[in-house]
K.L.:
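Mind having a look at this structure? Questions to follow.
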Amino acid sequence: MTSRTDTPPRRHADGTTYRIKRPCNGCGQKLRDANEAEILAVVEGRTLPDVRHECPNCRSQETR
């Protein structure tokens, strides 16, 4: 499992910068920052990889 950062909003004199958060494929829960490959996949119209194994909610359902 890869470790994701969780960048908070950054306020600047000319506005605020937000980092895109990656949703879980299964339940939609935000999993922290999207990585560059995921952002590029969206820009190119490709399907995002399945990250349910990173989601505490979906991962706990698999072990039931």
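Remember, it's a predicted structure, so these values are computed and weren't measured experimentally. Just so it is clear, the values below take in all heavy atoms, side chains as well, and ignore hydrogens, waters and symmetry mates.
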K.L.:
Where is the tightest heavy-atom contact between Arg4 and Arg32, given as atom of each residue plus distance?
P.N.:
O-NH1, 3.0 Å

K.L.:
So which heavy atom on Ala37 is nearest to which on Arg46, and how close?
P.N.:
O-NH2, 4.4 Å

K.L.:
Identify all side-chain donor-acceptor contacts of residues 15-22 below 3.5 Å with residues at least two apart in sequence or on another chain.
P.N.:
residue, atom, partner, partner atom, Å
Thr17, OG1, His12, NE2, 2.9
Arg19, NH1, Glu36, OE2, 3.3
Arg19, NH2, Ala34, O, 2.7
Arg19, NH2, Glu36, OE2, 3.2
Lys21, NZ, Asp6, OD1, 2.9
Lys21, NZ, Thr7, O, 2.9
Lys21, NZ, Asp33, OD1, 2.6
Arg22, NE, Glu38, OE2, 3.2
Arg22, NH2, Pro49, O, 2.5

K.L.:
List the atom of Pro23, the atom of Gly28, and the distance in Å for their closest heavy-atom pair.
P.N.:
CB-O, 3.8 Å

K.L.:
Under 4.5 Å between side-chain heavy atoms, chaining through other members, with only Ile, Leu, Val, Met, Phe, Trp and Tyr counted: pull out the rest of the cluster around Leu40, sorted by chain and number.
P.N.:
none

K.L.:
If you link ILVMFWY side chains whenever their heavy atoms are less than 4.5 Å apart, which other residues fall into the same cluster as Val42? By chain and number, please.
P.N.:
Leu48

K.L.:
Which pair of heavy atoms, one from Cys27 and one from Cys55, lies closest together, and at what distance?
P.N.:
SG-SG, 3.7 Å

K.L.:
Is any side-chain heavy atom of Pro56 less than 4.5 Å from a side-chain heavy atom of Gln29?
P.N.:
yes

